[in-house]
Amino acid sequence: MLDAKTMEIIKTTAPVLKENSVAIGKRFYELLFTRHPELLHIFNHSNQKRGLQQRSLAHSVYVSGEHIDRLEDIQPLIMKIAHKHRALGVKPEQYTVVGETLIEAVKDVLGDGAMDEIIQAWVKAYDYIANQFIGIEQKLYEQTESEEGNWEGFREFVVVKKVKESEVITSFYLKPKDNKPLASFRPGQYLTIRAKIPGEKYMHHRHYSLSDAPGKDTYRISVKREDVRDGNPPGVVSTWLHEQVQEGDVLEFSSPAGDFVLDTESTNPVVLISGGVGFTPLMSMLNTLVEKQPDRDVTCIHAAINGKHHAMKEHVARLAATCDRLKSYVIYESPTEEDRAEKSFDKEGWIDKKWLESVVDHPGAAFY
């Protein structure tokens, strides 16, 4: 545990880091990739270009600083990051590299404001926080190794089926190349792909939600093709998967991870709310509820641009028609003439509070 003086310095200076978060994040990654270009095999290059990773890093640092005396209050943030680190194969020694680079970035950005006493306090704080992550991630690694069908590192999977679900979403059915058993997973978890794309200097990692219930002989991921939008380039990995990867091709994935999961121990009503490709983890939850807990009340609410962008629409409609405890609602932002003719949606526009209150009437429901 940190001493009282160190914690006081950290809590007092955390707002300063927050104010300079973007600059610190930018400087950190400049230093990190110059000295350790091999780490470019791990980090998301698209998020780097858009500045998302820089902001995410700095946010995590100052939030941890603000809660240095009660890290349990930010346990959801810690667990989310720890699961991603386990999925990417982050090792304890990499925390040292990151810590040294982060402290140097803070010094460079704050300049004369980075007094020795402040820097020393943040070094202690970083070591303390890093040890928390290392301990949690070690338990996740051990848990993965102990579960039947799970694996360490990355495993080869054959794309046994590729299905176009909408104009922008395609599903990939994956079977292990070694024909050994598949690990189970918790509905809502994801797989992490290590993509070796022809012409790309570095490997690319992406997290894709498992979009079906556990217990099958294949995994399924459903991926949105990220096109050029708001000045951002197309998604490197999603475009490659959609346009180049075919049935029979082999892809590499790490074992299932993620803390956004369905509570299958509960019998309370469930409300699933999704927009666009955000349906993927909730589809795993929905299929699990229908298969394993058919007596549980479920309300499924999905928003899409229109029917052309609505993936697995027919599947959910069939479930709702055959499951008395399932209610399904569809919202289209810009319905097509065909959507209107078929009356295939329940609301035009957006999900709003008034409408949500009118369709959800389950006291004590769990919302995902």
Side-chain angles (χ1 to χ4, degrees), residues 44 46-47 49-52 161-173 187-188 190-191 193 206-212 220-245 260 270-287 289-290 298-321 326-360 367-368:
N44 186 316
S46 297
N47 286 347
K49 292 176 182 177
R50 296 167 64 189
L52 298 179
K161 187 163 64 170
K162 181 178 178 182
V163 178
K164 185 175 181 179
E165 306 285 6
S166 76
E167 285 193 352
V168 294
I169 296 173
T170 293
S171 288
F172 299 82
Y173 290 75
Y190 54 80
L191 293 180
I193 188 172
R206 296 291 187 276
H207 308 295
Y208 292 119
S209 297
L210 288 148
S211 60
D212 202 355
R220 183 178 72 184
I221 58 171
S222 302
V223 180
K224 178 187 176 186
R225 185 186 67 246
E226 296 292 347
D227 299 318
V228 175
R229 183 179 179 184
D230 299 330
N232 293 312
V236 175
V237 179
S238 67
T239 301
W240 171 69
L241 286 169
H242 274 250
E243 298 179 358
Q244 298 184 42
V245 172
F260 176 64
V270 174
V271 181
L272 307 174
I273 306 177
S274 60
V277 76
F279 82 93
T280 50
L282 303 191
M283 187 61 64
S284 177
M285 295 181 187
L286 176 61
N287 287 350
L289 287 162
V290 171
V298 180
T299 301
C300 181
I301 299 169
H302 181 67
I305 295 175
N306 52 46
K308 293 181 179 180
H309 289 77
H310 188 173
M312 300 183 191
K313 173 182 174 181
E314 292 78 12
H315 171 72
V316 177
R318 284 195 299 271
L319 292 181
L326 170 62
K327 294 180 180 179
S328 175
Y329 297 94
V330 174
I331 299 90
Y332 287 158
E333 178 184 346
S334 303
T336 64
E337 291 305 315
E338 184 179 355
D339 295 331
R340 296 185 190 280
E342 295 179 351
K343 298 181 179 178
S344 57
F345 60 98
D346 300 285
K347 183 181 187 299
E348 181 175 349
W350 300 73
I351 298 174
D352 56 57
K353 182 173 182 287
K354 183 178 179 181
W355 179 84
L356 195 59
E357 289 176 336
S358 73
V359 297
V360 177
F367 285 74
Y368 295 84

Salt bridge Lys353-Glu357, side-chain N to carboxylate O under 4.0 Å:
yes
Salt-bridge criterion met for Arg340 and Glu348 (N-O under 4.0 Å):
yes
Which is it for Glu226 and Ser238 under the side-chain hydrogen bond (donor to acceptor under 3.5 Å, both in side chains) test, yes or no, and what are the steps along the way?
CA-CA 6 Å; Glu226 296 292 347; Ser238 67; 5.8 Å; no
Check step by step if side-chain contact (heavy atoms from CB on, under 4.5 Å) holds for Trp350 and Ile331.
CA-CA 7 Å; Trp350 300 73; Ile331 299 90; 5.7 Å; no
For the atom pair [atom1] ([X]) and [atom2] ([Y]), what is the distance rounded to the nearest 0.5 Å?
| X | Y | atom1 | atom2 | answer |
| --- | --- | --- | --- | --- |
| Thr299 | Ile273 | OG1 | CD1 | 9.0 Å |
| Ile305 | Glu167 | CD1 | CD | 9.5 Å |
| Arg318 | Met312 | CZ | CE | 11.0 Å |
| Leu210 | Ile221 | CG | CD1 | 8.0 Å |
| His315 | Leu319 | NE2 | CG | 4.0 Å |
| Leu286 | Asp212 | CG | CG | 10.0 Å |

Check [X] against [Y] and note the closest heavy-atom contact, atom names and distance.
| X | Y | result |
| --- | --- | --- |
| His309 | Ala304 | O-CB, 4.3 Å |
| Ser328 | Asp346 | O-OD2, 4.0 Å |
| Ile169 | Ser222 | CG2-CB, 4.1 Å |
| Gly188 | Ser284 | N-OG, 3.8 Å |

With no hydrogens and no angle check, is any side-chain donor or acceptor of [X] less than 3.5 Å from a backbone partner on [Y]?
| X | Y | answer |
| --- | --- | --- |
| Asp339 | Ser344 | no |
| Lys162 | His242 | yes |
| His207 | Tyr190 | no |
| Lys347 | Asp352 | no |
| Arg206 | Ile193 | no |

Pairing residues for Lys161 by the side-chain contact (heavy atoms from CB on, under 4.5 Å) criterion, not counting sequence neighbours
Val163, Tyr173, Glu247
Going by side-chain contact (heavy atoms from CB on, under 4.5 Å), name the residues that satisfy it together with Pro281, two or more places apart in sequence or in a different chain.
Ser209, Phe260
Below 30° counts as parallel, above 60° as perpendicular, anything between as tilted: where do the rings of Trp355 and Tyr329 land?
perpendicular
Step by step, would you call Tyr368 with Leu272 a side-chain contact (heavy atoms from CB on, under 4.5 Å)?
CA-CA 5 Å; Tyr368 295 84; Leu272 307 174; 3.9 Å; yes
Do we see a donor-acceptor contact under 3.5 Å between the side chains of His302 and Ser274?
yes
Could you walk me through whether Val360 and Ile301 pass side-chain contact (heavy atoms from CB on, under 4.5 Å), step by step?
CA-CA 10 Å; Val360 177; Ile301 299 169; 4.1 Å; yes
Do His310 and Phe279 have their ring centres less than 6.0 Å from each other?
no
Looking at [X], I want to see if its [atom1] is surrounded by more than 12 non-hydrogen atoms of other residues, nucleotides or ligands under 6.0 Å.
| X | atom1 | value |
| --- | --- | --- |
| Glu337 | CD | no |
| Glu342 | CD | yes |
| Lys327 | NZ | no |

Begin with the C-alpha distance, continue with both residues' side-chain angles, and end with the deciding distance and a verdict on side-chain hydrogen bond (donor to acceptor under 3.5 Å, both in side chains) for Lys308 and Thr336.
CA-CA 8 Å; Lys308 293 181 179 180; Thr336 64; over 6 Å; no
Would you check, one step at a time, whether the test side-chain contact (heavy atoms from CB on, under 4.5 Å) holds for Val223 with Thr170?
CA-CA 5 Å; Val223 180; Thr170 293; 5.9 Å; no
Does the side chain of Val228 reach to within under 4.5 Å of the side chain of Pro234, using non-hydrogen atoms?
yes
